[in-house]
Amino acid sequence: MSGQGARIEYREIAKSYGMVQALTPTTLDIEPGEFFSIIGPSGSGKTTLLGVTAGYIPPTGGEILIDGRNIVGVPPFQRNIGMVFQNYALFPHMSVGDNVGFALKMRGVSKAEMAERVARMLDLVRLGDMANRKPSQLSGGQQQRVALARAAVYDPLLLLMDEPLSALDKNLREAMQDEIKQFQAALGSTVLYVTHDQAEAAAMSHRIAIMNHGRVAQVGSPRDLYEHPVDRFVASFLGEANLFDLKEIAAHGNGARAVTAEGFVLHSAMAPNGAAQCACVRPESVNVSDRPVDADNSLEGRIVDATYTAGSLRYRIEVAPDVILTKRTPSVRGEALMPEGTSVYVSWRAEDTLLVNDD
Ligand SMILES: Nc1ncnc2c1ncn2[C@@H]1O[C@H](COP(=O)(O)OP(=O)(O)OP(=O)(O)O)[C@@H](O)[C@H]1O
Ligand SMILES: [Mg+2]
(Lines give C-alpha, C1' and ligand atoms only; values in the text may rest on other atoms or scores of the structure.)
(Ligands and ions follow the chains in the order given, each with its own letter.)
Protein backbone atom coordinates (compact mmCIF):
# COMPACT_ATOMS: atom_id res chain seq x y z
CA MET A 1 0.00 0.00 0.00
CA SER A 2 1.29 3.41 -0.94
CA GLY A 3 0.37 5.09 2.34
CA GLN A 4 0.59 8.45 0.62
CA GLY A 5 -1.83 9.89 -1.90
CA ALA A 6 -1.11 12.38 -4.64
CA ARG A 7 -1.46 16.16 -4.59
CA ILE A 8 -3.88 17.42 -7.24
CA GLU A 9 -3.70 20.99 -8.52
CA TYR A 10 -6.26 22.27 -10.99
CA ARG A 11 -5.09 25.40 -12.80
CA GLU A 12 -7.86 27.19 -14.69
CA ILE A 13 -9.17 23.83 -15.86
CA ALA A 14 -12.19 24.32 -18.14
CA LYS A 15 -14.57 22.43 -20.41
CA SER A 16 -17.03 23.85 -22.94
CA TYR A 17 -19.34 22.06 -25.34
CA GLY A 18 -19.95 24.76 -27.96
CA MET A 19 -21.71 27.52 -26.03
CA VAL A 20 -22.28 25.35 -22.94
CA GLN A 21 -19.67 25.92 -20.22
CA ALA A 22 -19.83 22.62 -18.37
CA LEU A 23 -16.84 23.70 -16.27
CA THR A 24 -15.80 27.36 -16.03
CA PRO A 25 -12.03 27.94 -15.47
CA THR A 26 -11.47 26.35 -12.07
CA THR A 27 -8.45 26.54 -9.80
CA LEU A 28 -8.44 24.14 -6.88
CA ASP A 29 -5.86 22.27 -4.77
CA ILE A 30 -6.45 18.87 -3.20
CA GLU A 31 -4.03 17.72 -0.52
CA PRO A 32 -2.25 14.34 -0.49
CA GLY A 33 -4.43 11.79 1.30
CA GLU A 34 -7.42 14.09 1.42
CA PHE A 35 -10.98 12.80 1.14
CA PHE A 36 -12.46 15.52 -1.05
CA SER A 37 -16.11 15.56 -2.11
CA ILE A 38 -17.86 17.44 -4.87
CA ILE A 39 -21.53 18.16 -4.42
CA GLY A 40 -24.01 20.26 -6.35
CA PRO A 41 -27.27 20.05 -8.28
CA SER A 42 -27.71 17.97 -11.42
CA GLY A 43 -25.82 19.47 -14.38
CA SER A 44 -23.50 21.60 -12.22
CA GLY A 45 -20.30 20.05 -13.65
CA LYS A 46 -19.37 17.37 -11.09
CA THR A 47 -18.91 14.50 -13.54
CA THR A 48 -17.16 16.85 -15.96
CA LEU A 49 -14.52 17.65 -13.32
CA LEU A 50 -14.06 13.93 -12.66
CA GLY A 51 -13.97 13.15 -16.39
CA VAL A 52 -11.21 15.64 -17.20
CA THR A 53 -9.25 14.24 -14.24
CA ALA A 54 -9.62 10.64 -15.36
CA GLY A 55 -8.92 11.63 -18.96
CA TYR A 56 -12.06 10.49 -20.74
CA ILE A 57 -13.21 14.12 -21.20
CA PRO A 58 -10.61 16.37 -22.90
CA PRO A 59 -10.60 19.83 -21.24
CA THR A 60 -10.81 22.97 -23.41
CA GLY A 61 -8.33 24.84 -21.24
CA GLY A 62 -6.09 24.71 -18.19
CA GLU A 63 -3.86 22.18 -16.48
CA ILE A 64 -4.15 19.39 -13.96
CA LEU A 65 -0.98 18.76 -11.99
CA ILE A 66 -0.66 15.45 -10.18
CA ASP A 67 2.32 15.63 -7.84
CA GLY A 68 3.53 18.55 -9.95
CA ARG A 69 3.21 16.88 -13.36
CA ASN A 70 0.64 18.12 -15.89
CA ILE A 71 -1.46 15.14 -17.00
CA VAL A 72 -3.63 16.90 -19.59
CA GLY A 73 -3.04 14.99 -22.83
CA VAL A 74 -1.81 11.82 -21.08
CA PRO A 75 -4.07 8.89 -22.13
CA PRO A 76 -6.44 7.68 -19.35
CA PHE A 77 -4.76 4.28 -18.92
CA GLN A 78 -1.38 5.94 -18.30
CA ARG A 79 -2.67 8.27 -15.58
CA ASN A 80 -2.64 5.70 -12.78
CA ILE A 81 -6.04 6.79 -11.50
CA GLY A 82 -8.61 4.33 -10.11
CA MET A 83 -12.32 4.77 -10.75
CA VAL A 84 -15.46 3.51 -9.01
CA PHE A 85 -18.79 4.08 -10.71
CA GLN A 86 -22.39 4.00 -9.57
CA ASN A 87 -23.22 0.81 -11.46
CA TYR A 88 -20.11 -1.15 -10.28
CA ALA A 89 -19.35 -2.31 -13.87
CA LEU A 90 -17.91 -5.65 -12.68
CA PHE A 91 -17.11 -8.31 -15.27
CA PRO A 92 -20.01 -10.76 -14.78
CA HIS A 93 -18.22 -13.84 -16.14
CA MET A 94 -15.13 -13.40 -13.94
CA SER A 95 -14.78 -14.44 -10.32
CA VAL A 96 -14.47 -11.80 -7.62
CA GLY A 97 -10.73 -12.48 -7.37
CA ASP A 98 -10.23 -12.15 -11.13
CA ASN A 99 -12.23 -8.93 -11.19
CA VAL A 100 -9.97 -7.45 -8.54
CA GLY A 101 -6.81 -8.78 -10.20
CA PHE A 102 -7.74 -7.62 -13.69
CA ALA A 103 -5.84 -4.31 -13.61
CA LEU A 104 -2.73 -6.08 -12.27
CA LYS A 105 -2.90 -8.69 -15.03
CA MET A 106 -3.11 -5.90 -17.64
CA ARG A 107 0.00 -4.37 -16.08
CA GLY A 108 1.92 -7.63 -16.37
CA VAL A 109 2.26 -8.25 -12.63
CA SER A 110 3.48 -11.78 -11.82
CA LYS A 111 0.96 -14.46 -10.77
CA ALA A 112 2.39 -14.76 -7.26
CA GLU A 113 2.39 -11.03 -6.59
CA MET A 114 -1.08 -10.73 -8.09
CA ALA A 115 -2.47 -13.43 -5.77
CA GLU A 116 -0.97 -11.71 -2.76
CA ARG A 117 -2.23 -8.23 -3.63
CA VAL A 118 -5.72 -9.47 -4.52
CA ALA A 119 -5.98 -11.38 -1.24
CA ARG A 120 -4.83 -8.36 0.75
CA MET A 121 -7.32 -6.09 -0.98
CA LEU A 122 -10.22 -8.53 -0.54
CA ASP A 123 -9.38 -8.79 3.16
CA LEU A 124 -9.48 -5.03 3.41
CA VAL A 125 -13.04 -4.96 2.05
CA ARG A 126 -13.95 -8.04 4.16
CA LEU A 127 -14.56 -10.34 1.20
CA GLY A 128 -11.59 -12.63 1.81
CA ASP A 129 -13.77 -15.75 1.71
CA MET A 130 -15.66 -14.83 -1.45
CA ALA A 131 -12.83 -14.69 -4.03
CA ASN A 132 -14.27 -17.56 -6.07
CA ARG A 133 -17.84 -16.31 -6.32
CA LYS A 134 -19.25 -14.59 -9.38
CA PRO A 135 -20.56 -11.01 -9.02
CA SER A 136 -24.15 -12.29 -9.48
CA GLN A 137 -23.72 -14.31 -6.27
CA LEU A 138 -23.08 -11.16 -4.21
CA SER A 139 -25.33 -8.54 -2.61
CA GLY A 140 -25.31 -4.95 -3.89
CA GLY A 141 -23.07 -3.79 -1.07
CA GLN A 142 -20.64 -6.68 -1.62
CA GLN A 143 -20.48 -5.88 -5.35
CA GLN A 144 -19.72 -2.27 -4.51
CA ARG A 145 -16.89 -3.45 -2.26
CA VAL A 146 -15.44 -5.53 -5.09
CA ALA A 147 -15.53 -2.43 -7.29
CA LEU A 148 -13.68 -0.54 -4.57
CA ALA A 149 -11.03 -3.25 -4.21
CA ARG A 150 -10.63 -3.46 -7.98
CA ALA A 151 -10.08 0.30 -8.32
CA ALA A 152 -7.54 0.44 -5.50
CA VAL A 153 -5.54 -2.78 -6.09
CA TYR A 154 -2.77 -1.23 -8.17
CA ASP A 155 -2.05 1.62 -5.71
CA PRO A 156 -3.42 4.38 -7.91
CA LEU A 157 -2.26 7.94 -7.22
CA LEU A 158 -5.85 8.97 -6.94
CA LEU A 159 -9.24 7.29 -6.55
CA LEU A 160 -12.23 8.85 -8.30
CA MET A 161 -15.74 7.88 -7.27
CA ASP A 162 -18.86 9.09 -9.07
CA GLU A 163 -22.00 8.50 -6.97
CA PRO A 164 -20.71 5.04 -5.95
CA LEU A 165 -23.48 4.42 -3.41
CA SER A 166 -26.53 5.86 -5.13
CA ALA A 167 -27.80 2.42 -6.20
CA LEU A 168 -27.89 1.16 -2.60
CA ASP A 169 -30.69 1.50 -0.06
CA LYS A 170 -30.33 3.92 2.86
CA ASN A 171 -29.04 1.51 5.53
CA LEU A 172 -26.52 -0.13 3.25
CA ARG A 173 -25.43 3.26 1.98
CA GLU A 174 -24.66 4.45 5.48
CA ALA A 175 -22.76 1.26 6.32
CA MET A 176 -20.75 1.63 3.09
CA GLN A 177 -19.96 5.27 3.90
CA ASP A 178 -18.15 4.12 7.03
CA GLU A 179 -16.44 1.37 5.11
CA ILE A 180 -15.17 3.62 2.32
CA LYS A 181 -13.91 6.06 4.92
CA GLN A 182 -11.97 3.34 6.76
CA PHE A 183 -10.73 1.91 3.47
CA GLN A 184 -9.42 5.33 2.40
CA ALA A 185 -7.75 5.90 5.76
CA ALA A 186 -6.05 2.48 5.53
CA LEU A 187 -4.81 3.12 1.98
CA GLY A 188 -3.84 6.75 2.56
CA SER A 189 -4.84 7.56 -1.01
CA THR A 190 -6.35 10.82 -2.22
CA VAL A 191 -10.05 10.43 -3.01
CA LEU A 192 -12.24 12.64 -5.16
CA TYR A 193 -15.83 11.72 -4.43
CA VAL A 194 -18.93 12.93 -6.27
CA THR A 195 -22.32 12.71 -4.63
CA HIS A 196 -25.77 14.30 -4.78
CA ASP A 197 -26.16 13.69 -1.09
CA GLN A 198 -24.87 16.52 1.09
CA ALA A 199 -25.22 14.49 4.29
CA GLU A 200 -23.07 11.75 2.76
CA ALA A 201 -20.41 14.28 1.74
CA ALA A 202 -20.42 15.83 5.22
CA ALA A 203 -20.08 12.44 6.89
CA MET A 204 -17.13 11.33 4.80
CA SER A 205 -15.03 14.28 3.73
CA HIS A 206 -12.18 16.39 4.96
CA ARG A 207 -13.32 19.11 2.58
CA ILE A 208 -16.18 19.65 0.16
CA ALA A 209 -16.50 21.74 -3.00
CA ILE A 210 -20.04 22.90 -3.78
CA MET A 211 -20.60 23.39 -7.50
CA ASN A 212 -23.28 25.40 -9.27
CA HIS A 213 -23.54 26.19 -12.99
CA GLY A 214 -20.07 24.81 -13.81
CA ARG A 215 -18.41 26.86 -11.09
CA VAL A 216 -17.10 26.03 -7.62
CA ALA A 217 -19.27 28.19 -5.34
CA GLN A 218 -17.31 27.44 -2.14
CA VAL A 219 -14.70 25.03 -0.77
CA GLY A 220 -14.36 24.19 2.90
CA SER A 221 -14.75 21.65 5.67
CA PRO A 222 -18.34 20.45 6.18
CA ARG A 223 -18.51 22.67 9.27
CA ASP A 224 -17.09 25.76 7.50
CA LEU A 225 -19.64 25.46 4.74
CA TYR A 226 -22.54 25.05 7.14
CA GLU A 227 -21.51 27.75 9.60
CA HIS A 228 -20.01 30.24 7.13
CA PRO A 229 -21.79 29.87 3.79
CA VAL A 230 -20.76 32.61 1.35
CA ASP A 231 -24.01 32.90 -0.53
CA ARG A 232 -27.67 31.97 -0.65
CA PHE A 233 -27.03 28.95 -2.87
CA VAL A 234 -24.48 27.39 -0.49
CA ALA A 235 -26.62 28.26 2.57
CA SER A 236 -29.67 26.50 1.16
CA PHE A 237 -27.86 23.58 -0.51
CA LEU A 238 -26.09 22.35 2.61
CA GLY A 239 -28.55 21.58 5.39
CA GLU A 240 -31.73 23.49 6.14
CA ALA A 241 -31.84 27.29 6.15
CA ASN A 242 -34.36 29.95 7.13
CA LEU A 243 -33.69 32.68 4.58
CA PHE A 244 -34.86 36.29 4.60
CA ASP A 245 -34.69 38.70 1.66
CA LEU A 246 -33.46 42.06 2.89
CA LYS A 247 -34.66 45.42 1.66
CA GLU A 248 -32.35 47.46 3.90
CA ILE A 249 -29.09 46.75 5.66
CA ALA A 250 -26.77 49.06 7.57
CA ALA A 251 -23.85 48.80 9.96
CA HIS A 252 -24.98 48.83 13.60
CA GLY A 253 -22.31 48.73 16.31
CA ASN A 254 -19.91 45.95 15.26
CA GLY A 255 -22.68 44.16 13.38
CA ALA A 256 -25.67 45.01 11.23
CA ARG A 257 -29.30 45.99 11.45
CA ALA A 258 -31.44 44.81 8.56
CA VAL A 259 -35.05 45.10 7.48
CA THR A 260 -36.51 42.08 5.73
CA ALA A 261 -38.84 42.16 2.73
CA GLU A 262 -41.73 41.54 5.18
CA GLY A 263 -40.65 44.49 7.34
CA PHE A 264 -39.06 42.53 10.23
CA VAL A 265 -36.08 44.19 11.87
CA LEU A 266 -33.19 41.75 12.34
CA HIS A 267 -29.84 42.08 14.07
CA SER A 268 -26.67 40.30 13.07
CA ALA A 269 -23.26 40.16 14.70
CA MET A 270 -21.75 40.24 11.20
CA ALA A 271 -20.99 43.55 9.51
CA PRO A 272 -22.58 44.12 6.09
CA ASN A 273 -20.11 43.64 3.23
CA GLY A 274 -21.46 46.06 0.66
CA ALA A 275 -22.83 43.46 -1.77
CA ALA A 276 -26.51 42.53 -1.95
CA GLN A 277 -27.09 40.19 0.97
CA CYS A 278 -29.75 38.06 2.56
CA ALA A 279 -30.02 36.66 6.10
CA CYS A 280 -29.79 32.98 7.00
CA VAL A 281 -30.78 31.45 10.34
CA ARG A 282 -30.17 27.73 10.91
CA PRO A 283 -33.10 25.74 12.37
CA GLU A 284 -31.12 24.66 15.45
CA SER A 285 -30.32 28.32 16.31
CA VAL A 286 -34.01 29.20 16.67
CA ASN A 287 -35.77 29.21 20.04
CA VAL A 288 -39.52 28.88 20.39
CA SER A 289 -41.36 29.97 23.50
CA ASP A 290 -44.99 30.54 24.44
CA ARG A 291 -44.11 33.85 26.14
CA PRO A 292 -42.10 36.88 25.00
CA VAL A 293 -38.33 36.58 25.41
CA ASP A 294 -35.64 39.21 25.56
CA ALA A 295 -33.44 38.39 22.56
CA ASP A 296 -31.50 40.13 19.76
CA ASN A 297 -34.10 38.87 17.30
CA SER A 298 -37.71 38.09 18.15
CA LEU A 299 -40.77 37.46 15.97
CA GLU A 300 -44.31 36.42 16.77
CA GLY A 301 -45.77 33.43 15.01
CA ARG A 302 -48.01 30.38 15.07
CA ILE A 303 -47.02 26.72 14.86
CA VAL A 304 -48.36 25.27 11.63
CA ASP A 305 -46.66 21.89 11.83
CA ALA A 306 -45.03 19.88 14.62
CA THR A 307 -43.30 16.56 13.98
CA TYR A 308 -41.19 14.08 15.88
CA THR A 309 -38.54 12.11 13.97
CA ALA A 310 -35.84 9.84 15.39
CA GLY A 311 -34.88 11.83 18.46
CA SER A 312 -35.61 15.32 17.20
CA LEU A 313 -38.50 17.75 17.18
CA ARG A 314 -39.20 19.93 14.19
CA TYR A 315 -41.56 22.88 14.20
CA ARG A 316 -42.74 24.95 11.27
CA ILE A 317 -43.79 28.40 12.42
CA GLU A 318 -45.65 30.95 10.35
CA VAL A 319 -44.37 34.45 11.18
CA ALA A 320 -46.08 36.26 8.28
CA PRO A 321 -48.35 35.11 5.45
CA ASP A 322 -46.31 32.50 3.53
CA VAL A 323 -43.22 33.09 5.67
CA ILE A 324 -42.56 29.87 7.55
CA LEU A 325 -39.53 29.30 9.75
CA THR A 326 -38.19 25.91 10.77
CA LYS A 327 -36.91 25.07 14.22
CA ARG A 328 -35.14 21.81 14.93
CA THR A 329 -34.07 20.56 18.34
CA PRO A 330 -33.09 17.26 19.96
CA SER A 331 -36.08 15.93 21.89
CA VAL A 332 -35.82 15.22 25.56
CA ARG A 333 -37.45 11.91 26.43
CA GLY A 334 -41.10 12.37 27.29
CA GLU A 335 -41.16 16.04 26.29
CA ALA A 336 -44.53 17.02 24.79
CA LEU A 337 -44.82 18.58 21.35
CA MET A 338 -46.35 22.05 21.30
CA PRO A 339 -49.50 21.50 19.26
CA GLU A 340 -50.25 23.04 15.88
CA GLY A 341 -52.01 26.38 16.21
CA THR A 342 -50.05 27.45 19.34
CA SER A 343 -49.10 31.14 19.32
CA VAL A 344 -45.36 31.42 19.96
CA TYR A 345 -42.41 33.77 20.09
CA VAL A 346 -39.49 32.85 17.84
CA SER A 347 -36.11 34.22 18.82
CA TRP A 348 -32.39 33.91 18.15
CA ARG A 349 -29.08 35.60 18.88
CA ALA A 350 -27.43 38.20 16.66
CA GLU A 351 -24.50 35.72 16.31
CA ASP A 352 -26.90 33.32 14.60
CA THR A 353 -28.10 35.74 11.91
CA LEU A 354 -25.68 34.86 9.09
CA LEU A 355 -25.40 37.47 6.37
CA VAL A 356 -24.74 35.78 3.02
CA ASN A 357 -24.39 37.15 -0.48
CA ASP A 358 -27.51 37.14 -2.59
CA ASP A 359 -27.02 35.30 -5.89
N1 LIG B 1 -21.31 15.58 -24.29
C2 LIG B 1 -21.92 16.72 -23.91
N3 LIG B 1 -22.38 17.62 -24.81
C4 LIG B 1 -22.97 18.76 -24.42
N5 LIG B 1 -23.19 19.11 -23.13
C6 LIG B 1 -22.79 18.26 -22.19
C7 LIG B 1 -22.14 17.02 -22.52
N8 LIG B 1 -21.84 16.37 -21.34
C9 LIG B 1 -22.30 17.19 -20.36
N10 LIG B 1 -22.85 18.30 -20.85
C11 LIG B 1 -23.43 19.42 -20.07
O12 LIG B 1 -22.47 19.87 -19.15
C13 LIG B 1 -23.07 20.25 -17.92
C14 LIG B 1 -22.40 19.54 -16.75
O15 LIG B 1 -22.65 18.15 -16.85
P16 LIG B 1 -22.13 17.11 -15.76
O17 LIG B 1 -22.35 15.75 -16.30
O18 LIG B 1 -20.76 17.47 -15.35
O19 LIG B 1 -23.15 17.40 -14.54
P20 LIG B 1 -23.25 16.68 -13.11
O21 LIG B 1 -23.01 17.77 -12.10
O22 LIG B 1 -22.38 15.48 -13.05
O23 LIG B 1 -24.80 16.29 -13.06
P24 LIG B 1 -25.52 14.97 -12.44
O25 LIG B 1 -25.64 15.25 -10.97
O26 LIG B 1 -26.86 15.01 -13.11
O27 LIG B 1 -24.72 13.77 -12.76
C28 LIG B 1 -24.56 19.93 -18.07
O29 LIG B 1 -25.24 21.12 -18.39
C30 LIG B 1 -24.60 18.97 -19.24
O31 LIG B 1 -25.80 19.06 -19.94
MG1 LIG C 1 -22.79 13.39 -12.87
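Order of listing sets the numbers, starting from 1, for every ligand and every atom in it.
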Which protein non-hydrogen atom lies closest to [atom], naming both residue and atom, and how far is it?
atom                    : result
atom 9 (C) of ligand 1  : Tyr17 CE1, 3.7 Å
atom 14 (C) of ligand 1 : Gly43 O, 3.5 Å
atom 26 (O) of ligand 1 : Ser42 OG, 2.5 Å
atom 15 (O) of ligand 1 : Thr48 OG1, 3.7 Å
atom 25 (O) of ligand 1 : Lys46 NZ, 2.7 Å
atom 27 (O) of ligand 1 : Thr47 OG1, 3.9 Å
atom 12 (O) of ligand 1 : Ala22 CB, 3.2 Å

Checklist entry - Does Thr48 bring an N, O or S atom to within less than 2.8 Å of the Mg ion (ligand 2)? => result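 Not a single backbone or side-chain N, O or S atom of Thr48 is under 2.8 Å from the Mg ion (ligand 2).
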
Next on the checklist: Below the 3.5 angstrom mark, is there an N/O of Glu163, backbone or side chain, next to an N/O of ligand 1?
Outcome noted: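 N/O-N/O distance under 3.5 Å: no.
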
Checklist entry - Going by heavy atoms in the side chains, are Val356 and Cys278 under 4.5 Å from each other? => result yes

Checklist entry - Under a 4.5 Å cut-off applied to non-hydrogen side-chain atoms, are Thr353 and Asn297 in contact? => result yes

Next on the checklist: Show the nearest heavy-atom pair for residues Thr53 and Arg79, with the distance to one decimal.
Outcome noted: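 Closest approach of Thr53 to Arg79: O-NH1, 2.9 Å.
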
Checklist entry - Is Arg314 salt-bridged to Glu240, cutoff N-O under 4.0 Å? => result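 Yes, Arg314 and Glu240 are salt-bridged.
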
Checklist entry - What's the verdict on side-chain hydrogen bond (donor to acceptor under 3.5 Å, both in side chains) for Asp162 and Thr47, showing C-alpha distance, side-chain angles and the deciding distance? => result CA-CA 7 Å; Asp162 197 352; Thr47 296; 2.9 Å; yes

Any side-chain donor-acceptor pair under 3.5 Å between [X] and [Y]?
X      : Y      : result
Asn357 : Asn273 : yes
Tyr10  : Glu63  : no
Arg215 : Thr24  : no

Item to check | Atom NZ of Lys247 with >12 non-hydrogen neighbours under 6.0 angstrom | outcome: yes

Checklist entry - Looking at atom 31 (O) of ligand 1, is any protein heavy atom nearer than 4.0 Å to it? => result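 Under the 4.0 Å cut-off, atom 31 (O) of ligand 1 has no protein heavy-atom neighbours at all.
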
Next on the checklist: Strictly less than 4.0 Å: does any protein heavy-atom distance to atom 2 (C) of ligand 1 fall in that range?
Outcome noted: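 Within 4.0 Å of atom 2 (C) of ligand 1, protein heavy atoms are found.
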
Next on the checklist: Below a 4.0 angstrom heavy-atom separation, can you tell me which part of His196, side chain or backbone, both or neither, approaches ligand 1?
Outcome noted: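 Only the side chain of His196 comes within reach of ligand 1.
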
Checklist entry - Is the closest heavy-atom distance from Gly45 to ligand 1 below 4.0 Å? => result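 Gly45 counts as a contact of ligand 1 under the 4.0 Å cut-off.
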
